[in-house]
Amino acid sequence: MTTTSTSNLLADILRQRREKLAKLIDFPAILWSGSPSPRNFTANIFPHRPSSHFLYFAGLPLQNAAIRLEAGKLLLFMDNPGASSALWHGEMPTRDQIAEQIGADAAYPMVELKSHLQGVATIAVQDAASWTQQSQLLDRWILPLSAPENIDLELQLAIVELRLTHDEAGLAEIRNAVSVTVEAHKAGMAATSTAKTEAQVRAAMEAAIISHNMTTSYNSIVTVRGEVLHNEHYGNTLQPYDLLLADVGAETRTGWAADVTRTWAVNGKFSSTQRDIYDVVLAAHDTCINKIRPGVEYEEIHLCACQVIAEGLVNLGILQGNSEELVDMDAHALFFPHGIGHLLGLDVHDMEDLGDLAGYEPGRERSDRFGLGYLRLNRPLRVGMLVTIEPGFYQVPAIINNAQNRESFGKYVNWERLSQFSDVRGIRIEDDVLVTDNASEVLTAALPTSADAVEQLTVSSEQ
Ligand code: GLY
Ligand code: MN
């Protein structure tokens, strides 16, 4: 057992978070860290990433641990390192030392957890072993999406309420992730002139992240096939006329994420067609960011991006018709099929383990419209929310050649004109934007977005 240290910054932050939780729920909650999953045998494991809900209240990347939160009090459950642990893993902190660091009111071995389960709510963890343990100990299925009237759902709603906006401690961590991410993107641009493959650019970007003892907050996307939205292959060779799309973000040791995309020309200079489309995407990016302020509906920001993209494509002669009517009928989604962005925090798509509970205001549901179905956030913006703004343009064969899309939208596309833009497979420009009292702060502003500045960062690497 240990007592709370009052001079411990982490402990103070965690206490404030659980006191806020205590104002929202009047029952106890237990959150599991989760446990590492074996790669091929028990001693060879995948790197462990604790549950984000656990990290929010426990503050440290523990494994095989659980915390119980009730009325502002924190109990820690975890086992001390085993007898041979020091041989293989070095000296590890004891349960009591960790309890001291996080300001736990008491700490127990894991076996004691079963005597503290009366009336508790929880949230499903991602790894199967811990999830089974949760369900067995609590004698009910712990589902990622809980049924109404279930206290697990009440807990989820309370945690969403807290995590929707960030406290100063969370933002400080995110700013660290952001500054390393900016460095990684500059390293990627600098490496491109000598790199032969996507893999080599990825290596340069992730080296910058790893050298700060951070990890990536999602699988990096570094590809000349930018039209494959979540492309996780790095085997293509780079050709001088290619665009390279890099969607790479760092994650701090305690789990806080950045999420940034830039697109640049492999030879350091956009072709005129690449630059034309780049400027349309950038106009959507800038217009959306200028609209961000408390109270504005995120869906409105998304629709604004659709409008700017449709207008830009009409001006380039790719789409034909009235841009507002084109957006109303979703014709823009042929080229911009995803949402304008998402919440960002401890998860790259923050709290998406809870489905749309965090992303969608209560009572709202995903639209089945072609141009709105992939919108991950549909709420009025609040001070302290962190969102991404990531408009794009893509030529996805499965979308533009789809028979139904051809029938619905074929007449609004000038196909001959489009064919002149065949060197633009995918462009996305993504920044992380904090909603402030008056408007917004682009946390990732240190990484330029203009075509000229991006060219300069890429070309200056040739000297
Ligand atoms: N960074 C990948 C995504 O936002 O989906
Ligand atoms: Mn993103």
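All values derive from a computational prediction rather than experimental measurement. As the structure lists them, so they are numbered: ligands from 1, and atoms in each ligand from 1.
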Could you tell me the residue and atom name of the protein heavy atom closest to atom 2 (C) of ligand 1, and the distance to it rounded to 0.1 Å?
-> Asp247 OD2, 3.4 Å
Residues Asp127 and Ser130: side-chain donor-acceptor under 3.5 angstrom | yes
Under 4.0 Å to a heavy atom of His230 - the qualifying atoms of ligand 1, by number | 2 (C), 3 (C), 5 (O)
Using a strict cut-off of less than 4.0 Å between a Lys/Arg side-chain nitrogen and an Asp/Glu carboxylate oxygen, indicate whether Arg262 and Asp431 qualify as a salt bridge.
-> yes
For His342, take its heavy atoms, then give the atoms of ligand 1 lying under 4.0 Å from any of them.
-> 4 (O)
Does any N/O atom on Arg376 come nearer than 3.5 Å to any N/O atom on ligand 1?
-> no
How open is the angle at the Mn ion (ligand 2) from atom OE2 of Glu430 over to atom OD2 of Asp259, rounded to 10 degrees?
-> 80°
Side-chain donor or acceptor of Asp286 paired with backbone N/O of Ala283 under 3.5 Å | no
Would Lys291 and Glu300 pass as an ion pair if we require N to O under 4.0 Å?
-> no
Verify the distance test for His349 against the Mn ion (ligand 2): any N/O/S atom under 2.8 Å, yes or no.
-> no
N-O pairing of Asp152 and Arg140 below 4.0 Å | yes
Which N/O/S atom belongs to Glu390 and is the closest one to the Mn ion (ligand 2)?
-> OE2
Please could you name the atoms of ligand 1 that Glu390 approaches to less than 4.0 Å, counting only its heavy atoms?
-> 4 (O)
Ion pair present between Arg175 and Glu173, side-chain N to carboxylate O less than 4.0 angstrom?
-> no
Find all atoms of ligand 1 within a distance of less than 4.0 Å from any non-hydrogen atom belonging to Asp259, and give their numbers and elements.
-> 1 (N), 4 (O)
Residue, atom and distance of the protein heavy atom nearest atom 3 (C) of ligand 1 read His349 NE2, 3.1 Å
Would a 4.5 Å heavy-atom cut-off, applied to side chains only, mark Ile174 and Leu386 as touching?
-> yes
